[in-house]
Amino acid sequence: MYTAHPDRYAQMPYRRTGRSGLKLPALSLGLWHNFGPDRPVETQRAILRRAFDLGVTHFDLANNYGPPPGSAESALGAALKADFAPYRDELVISTKAGYLMWPGPYGEWGSRKYLLSSLDQSLERMGLDYVDIFYSHRPDPQTPLEETMGALHTAVQQGKALYVGVSNYSPEQTREAARILAELGTPLLIHQPRYSMLDRRPEAGGLLDALDELQVGSIAYSPLEQGLLTGRYLNGIPEDSRAASDSPFLNSDAVTEELVGRLRALNEIAGSRSQTLAQLALAWVLREGRVTSALVGASSPRQLEDSVAAVANLDFDSDELARIDKIVQG
């Protein structure tokens, strides 16, 4: 029987999410890739236990996480029942709906029918009465935003979600979503954008400015840029890496000689801070407090421990930031 570590809240910083009362850990655990039937169940449970012992109280999912879709939620449901039943009120569990889950016209995007049906299925897979955060995973170009946001509002009214968020929305769509939700009486809690040292679109496109203006929280996904910022590619492409498999999320063509040179230069800065490249990348995303939390994946407890160690040094001086910008932006 799992018993959580008594000092689990000693080291992890927690940040208030926007203007809400909800605090998230600086690092959250995403269950995107490593929680499916192709992974040993004991490894999955060991990662979740270690995360909670280190103060990672937020587990982030989506209906389509796996593979196959739905399997990550089922895996978490089994772990919740086996290990975390006494700790449910100490956990923040989020899920999303927006990508393809079942055939036919009602199996994806942002209609009321799809979102609320998907949430019911997610709750059943996880064995939960409610999730803490329910997201619209992507904007639907054909469904009125009022309908999509109305479905999120209904999920809260039904007691099936405590808070709501959006992911992959533009600054303009985010502002409109926040306006609609405010009129309904369910505030927009959080936005989940892709953001890393190598992907500055939330800065350049004005999303972070919009979130500051709206007082909406943010949680960055892919802060390690699909593994490029973990140090695995400092000497090229490892045979067992994501890029070597030509994943749809990272292919070998992206790992150019120029990029490897930049990664090595960033790694030198990390070394001067007594950090790994991954720790530097996570600390950079969390700098200045504009981002509420950074989402990390993990294939082992040890990998998770390395990521969590980033919170020991989240401060940068102006010279370090300038050097990083020069390396990344050229």
Side-chain angles (χ1 to χ4, degrees), residues 12 24-80 91-96 99 126 133 135 137 167-168 192-199 218-233 238 240-245 247-251 254 276-286 291-311:
M12 177 65 67
L24 292 179
L27 291 179
S28 298
L29 179 63
L31 278 67
W32 180 25
H33 270 311
N34 297 309
F35 289 82
D38 59 334
R39 307 282 177 160
V41 171
E42 277 308 310
T43 300
Q44 297 176 33
R45 288 178 60 185
I47 293 168
L48 292 167
R49 293 181 197 129
R50 189 62 182 136
F52 191 54
D53 284 345
L54 292 170
V56 178
T57 53
H58 178 207
F59 299 155
D60 178 79
L61 301 100
N63 56 359
N64 64 326
Y65 286 0
S71 60
E73 289 179 331
S74 297
L76 180 65
L80 291 173
L91 292 171
V92 173
I93 297 171
S94 59
T95 197
K96 314 175 197 73
Y99 287 91
M126 292 186 283
I133 307 170
Y135 288 87
H137 205 165
S167 182
N168 300 307
Q192 187 172 131
R194 179 169 178 161
Y195 183 44
S196 74
M197 286 197 295
L198 300 179
D199 187 344
S218 59
I219 179 166
Y221 74 86
S222 293
L224 302 179
E225 200 59 27
Q226 297 296 320
L228 286 175
L229 292 168
T230 62
R232 293 203 72 197
Y233 297 91
D240 60 344
S241 67
R242 186 170 297 172
S245 68
S247 159
F249 306 104
L250 179 65
N251 60 59
T276 65
L277 179 56
Q279 290 164 358
L280 174 74
L282 294 170
W284 184 90
V285 165
L286 294 167
V291 169
T292 313
S293 184
L295 270 171
V296 297
S299 58
S300 69
R302 184 173 179 178
Q303 186 180 47
L304 179 70
E305 290 165 0
D306 181 76
S307 294
V308 170
V311 305

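A salt bridge does not link Arg302 to Glu305: none of the charged side-chain nitrogens sits closer than 4.0 Å to a carboxylate oxygen.
Atom OG of residue Ser71 and atom CG of residue Leu61 lie 10.0 Å apart, to the nearest 0.5 angstrom. A distance of 9.0 Å separates CG of Leu280 from CG of Leu282, quoted to the nearest 0.5 Å. Distance check: Met12 CE to Asp53 CG gives 11.5 Å after rounding to the nearest 0.5 Å. The OG atom of Ser293 sits 15.0 Å away from atom OH of Tyr221, with the distance rounded to the nearest 0.5 Å. Here Leu304 contributes atom CG and Arg49 contributes atom CZ; the two are 13.5 Å apart, rounded to the nearest 0.5 Å. Note that OH of Tyr65 is 9.0 Å distant from CG of Asn63, once rounded to the nearest 0.5 Å.
Contact of the Gln192 side chain with the His137 side chain is not registered, since no non-hydrogen atoms from C-beta on lie closer than 4.5 Å. Taking the side chain as every heavy atom from C-beta outward, Phe59 and Val92 never approach each other to under 4.5 Å. Between Trp32 and Asn64, every side-chain heavy-atom pair lies at or beyond the 4.5 Å cut-off. Put simply, the side chain of Leu48 does not reach to within 4.5 Å of the side chain of Val56, judged on heavy atoms. Looking at Ser196 and Leu224, their side chains never come closer than 4.5 Å, going by heavy atoms from C-beta outward. Contact of the Leu91 side chain with the Leu80 side chain is registered, since non-hydrogen atoms from C-beta on lie closer than 4.5 Å.
Ring-plane geometry between Tyr195 and Trp284 is classed as tilted, the angle between the planes lying from 30 to 60 degrees on a 0 to 90 degree scale.
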Take Ser307 and Gln279 through the test side chain to side chain donor-acceptor pair (under 3.5 Å) and record every step on the way to the result.
CA-CA 6 Å; Ser307 294; Gln279 290 164 358; over 6 Å; no

Using the side-chain contact (heavy atoms from CB on, under 4.5 Å) rule, take Ile219 and His58 through it: C-alpha gap first, then chi angles, then the decisive distance, then the call.
CA-CA 11 Å; Ile219 179 166; His58 178 207; 3.6 Å; yes

Do Leu277 and Thr230 pass the side-chain contact (heavy atoms from CB on, under 4.5 Å) test, and can you show the C-alpha distance, the side-chain angles, and the key distance before you say yes or no?
CA-CA 6 Å; Leu277 179 56; Thr230 62; over 6 Å; no

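Scanning all heavy atoms of the two residues, the minimum distance from Ala26 to Val311 falls at CB-CG1, 4.2 Å. Here the closest non-hydrogen pair linking Pro25 and Gly55 is CB-O, 3.7 Å. Here the shortest heavy-atom pairing between Asp38 and Pro67 reads OD1-O, 4.3 Å. Closest approach of Leu29 and Ala51 over heavy atoms only: CD2-CB, 4.1 Å.
Residues forming a salt bridge (charged side-chain N to carboxylate O under 4.0 Å, His left out) with Asp199 (at least two apart in sequence, or on another chain): Arg194, Arg201. Listed by chain and residue number, nothing satisfies the side-chain hydrogen bond (donor to acceptor under 3.5 Å, both in side chains) test with Thr43 (two or more places apart in sequence, or in another chain).
Here the rule is side-chain hydrogen bond (donor to acceptor under 3.5 Å, both in side chains) with Asn34, and of Arg39, Gln303, Gln44 only Arg39 fits it.
Side-chain polar atoms of Ser28 and Asp60 form no donor-acceptor pair below 3.5 angstrom. With hydrogens and angles left out, the side-chain atoms of Glu73 and Thr95 include a donor and acceptor closer than 3.5 Å.
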